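These values consider heavy atoms only, across backbone and side chains, with no hydrogens, waters or symmetry-generated copies. For ligands, and for the atoms within them, numbers begin at 1 and follow the listed sequence. None of these values were measured; they are calculated from a predicted model.
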Amino acid sequence: MASAPSDLANPKTTPPTLLDERGDDLGTHRVKSPARALPQPAECVDNDCTRLFASEMLVDVHTLNVDAASFRQMEEASPEGADGVPKAVLATIAARGKQHNPVTGSGGMLLGTVTAIGREAGGRGVAVGDKIATLASLSLTPLSVEAITAVRRESAQLDVRGKAILFRSAPFAKLPDDFAERVAVALFDVAGAAPQVARLVKEGDHVVVLGGGGKSGLLCVAEARRRVGASGKVVAVENHEPYAEELRRLGLCDAVVSADATDPVATRDAVLPALGGHREADAVFSCVNVPGAELSAIVLTRQRGVVYFFAMTTSFPRAALGAEGIGKDVDLFIGNGFAQGHADHTLDLVRASPALRALIDARYG
Ligand code: NAP
């Protein structure tokens with residue numbers, strides 16, 4: 001049994017067929033292979049947006065915010081650099097039904113307008129016509145893209161004409177009134193980072209952020225600054241000199257070290273003096289977009305300190321065996337992209353710092 005919805009935002013869009021079948025809130029009904037997988041680890045999902053299960057929402061997609069590690073990998077793998085990214089994205093979606101980079105395993109998130117809500121997908125505070133950003137990874141979101149119309153390398157964003165399906169379990173956020181859409185979506189992409197700093201860092205701590213000049217790095221630095229107080233220290237490591245310079249001008253760090261975080265010895269030798277020379281950090285956050293920074297993070301952390309790997313480029317064996325190999329009893333955290341209230345937390349953090357906000361607006365707006 002199926003019927004067409006009556007409340008579509010854009011009357012020119014062909015409405016999907018609304019199915020009575022509920023589907024699974026976790027989205028397993030869309031998994032094509034392998035059998036019994038959840039959509040995120042699945043090899044391939046069904047991205048047919050002409051049919052909508054009762055627990056699903058349909059979104060007209062305007063912008064994809066590709067995960068930084070994924071964007072960089074596609075850029076480096078293409079002879080055309082950033083211009084080759086659209087081709088890689090279209091190939092991934094054609095093969096997998098979702099933007100799930102087969103090399104990095106990561107996705108990103110999207111900005112779009114809700115165009116249909118399944119019969120059992122209501123009650124989530126959103127209506128047809130609302131603009132939303134997804135807070136669940138593109139690596140699990142069924143996505144169909146007709147055309148890519150713009151590429152913005154700085155923010156790893158692509159403007160597209162496409163459609164996506166949101167499962168009932170997938171978090172999303174309505175766009176705030178006081179941020180440009182592109183900026184909000186850029187912040188939501190890394191909204192899981194700052195709340196974790198707030199949980200793990202306390203007054204007086206010494207904190208290091210690897211990749212501190214990038215998007216998530218800036219948020220971690222800002223959150224760390226307000227947590228450690230005057231008695232603590234915040235040191236950032238950044239190898240992209242323009243970003244390092246912008247971070248210095250922001251004045252949130254006790255030191256911004258220009259170093260390559262994939263070189264643990266050079267990073268240690270540059271960072272320990274900046275921490276005061278006599279102690280390692282209480283907490284290190286890895287926010288780089290390249291593989292190979294695990295050992296720098298571990299070397300810089302004191303015994304029983306905390307290493308938080310937000311970077312999608314992190315390797316579990318490199319981190320676990322690396323810590324063991326140098327006798328470091330540190331708590332290793334995997335960066336969960338979701339934390340309760342993370343979107344509001346991140347927007348409030350940026351609202352609280354006009355200088356940070358100006359930098360983020362200029363870079364990602
Ligand atoms: P970003 O804005 O590209 O920031 C990364 C920064 O690290 C850039 O400034 C980059 O410089 C710098 N960097 C690269 N290589 C370095 C090196 N060897 N030494 C020191 N700095 C280096 O990326 P982002 O959006 O903040 O994302 C950061 C990481 O978080 C990525 O790995 C991304 O995949 C991951 N992520 C995780 C989640 C999660 O849920 N855990 C969610 C979103 C993103 P360049 O300009 O030279 O690249």
*Of the listed options (Phe310, Phe71, Phe285), which comes nearest to atom 30 (O) of ligand 1 when hydrogens are ignored and any heavy atom counts?*
Phe310

_If you define the side chain from C-beta out and look only at heavy atoms, does anything of Cys49 sit under 4.5 Å from Leu58?_
yes

_Salt bridge flag under 4.0 Å for residues Glu203 and Arg227_ = no

*Considering the heavy atoms of Tyr243, write down every atom of ligand 1 situated less than 4.0 Å from one of them.*
9 (O)

*Which residue owns the protein heavy atom closest to atom 3 (O) of ligand 1, what's the atom, and how far is it?*
Asn289 ND2, 3.0 Å

*Specify the protein heavy atom at minimum distance from atom 48 (O) of ligand 1: its residue, its atom name, and the distance to 0.1 Å.*
Arg72 NH1, 2.6 Å

_Arg199 charged N/C atom sitting above Tyr308 aromatic ring, 6.0 Å / 45°_ = no

*Considering only non-hydrogen protein atoms, determine which one is nearest to atom 44 (C) of ligand 1 and report residue, atom name and distance to 0.1 Å.*
Asp67 OD1, 3.1 Å

*At a 4.0 Å threshold, what atoms of ligand 1 neighbour a non-hydrogen atom of Ala311?*
29 (C), 30 (O), 32 (O), 35 (C)

*asked:* Starting from atom 13 (N) of ligand 1, what is the nearest protein heavy atom, named by residue and atom, and what distance separates them?
replied: Asn239 OD1, 3.3 Å

*Which option out of Ala244, Ser155, Ala68, Ala293 puts a heavy atom nearest to atom 25 (O) of ligand 1?*
Ala68

_Atom indices of ligand 1 within 4.0 angstrom of Gly335 heavy atoms, with elements_ = 39 (C), 40 (O), 41 (N)

*Mark up the atoms of ligand 1 that fall under 4.0 Å of a heavy atom belonging to Ala259, in ascending order.*
19 (N), 20 (C)

*Asp260: numbered ligand 1 atoms lying under 4.0 Å from its heavy atoms*: 17 (C), 18 (N), 19 (N)

_Protein contact to atom 5 (C) of ligand 1 [nearest heavy atom, distance to 0.1 Å]_ = Cys287 O, 3.3 Å

*For Val288 and ligand 1, does the shortest N/O to N/O distance drop below 3.5 Å?*
yes

*asked:* Can you report which non-hydrogen protein atom sits closest to atom 40 (O) of ligand 1, along with the distance?
replied: Gly337 CA, 2.9 Å

*What atoms of ligand 1 come closer than 4.0 angstrom to any heavy atom of Thr262?*
18 (N)

*Can you find an N or O of Lys215 that's nearer than 3.5 Å to an N or O of ligand 1?*
yes

_Only heavy atoms of Ala261, strictly under 4.0 Å: list the atoms of ligand 1 that pass._
17 (C), 18 (N), 19 (N), 20 (C)

*Please write down residue, atom name and distance for the protein heavy atom closest to atom 7 (O) of ligand 1.*
Gly211 CA, 3.4 Å

*asked:* More than 12 heavy atoms of other residues, nucleotides or ligands under 6.0 Å from CZ of Phe338: yes or no?
replied: yes

*In plain terms, say whether Asp329 and Arg304 are close enough for a salt bridge, that is, a side-chain N and a carboxylate O under 4.0 Å apart.*
yes

*When you measure from atom 12 (C) of ligand 1 to every protein heavy atom, which one gives the shortest distance, and what is it?*
Glu238 OE2, 3.4 Å

*Could Glu245 and Arg248 be called an ion pair, given the rule that one side-chain N must be under 4.0 Å from one carboxylate O?*
yes

*Least distance between heavy atoms, Val185 atom then Met109 atom*: O-SD, 3.4 Å

_Is it true that, when you exclude Arg124 itself, more than 12 heavy atoms of the residues, nucleotides or ligands shown sit nearer than 6.0 Å to its CZ?_
yes

*Which ligand 1 atoms, with their elements, are less than 4.0 angstrom from a heavy-atom of Asp189?*
42 (C), 43 (C)

*Check whether the side chains of Asn239 and Asp260 place a donor and an acceptor atom closer than 3.5 Å, and report yes or no.*
no

*Salt bridge flag under 4.0 Å for residues Arg168 and Glu56*: no

*Answer yes when Arg302 and Glu280 have at least one side-chain N-carboxylate O distance shorter than 4.0 Å, and no when they do not.*
no

_Check Asp178 with Arg351, please: is the shortest side-chain N to carboxylate O separation under 4.0 Å?_
yes

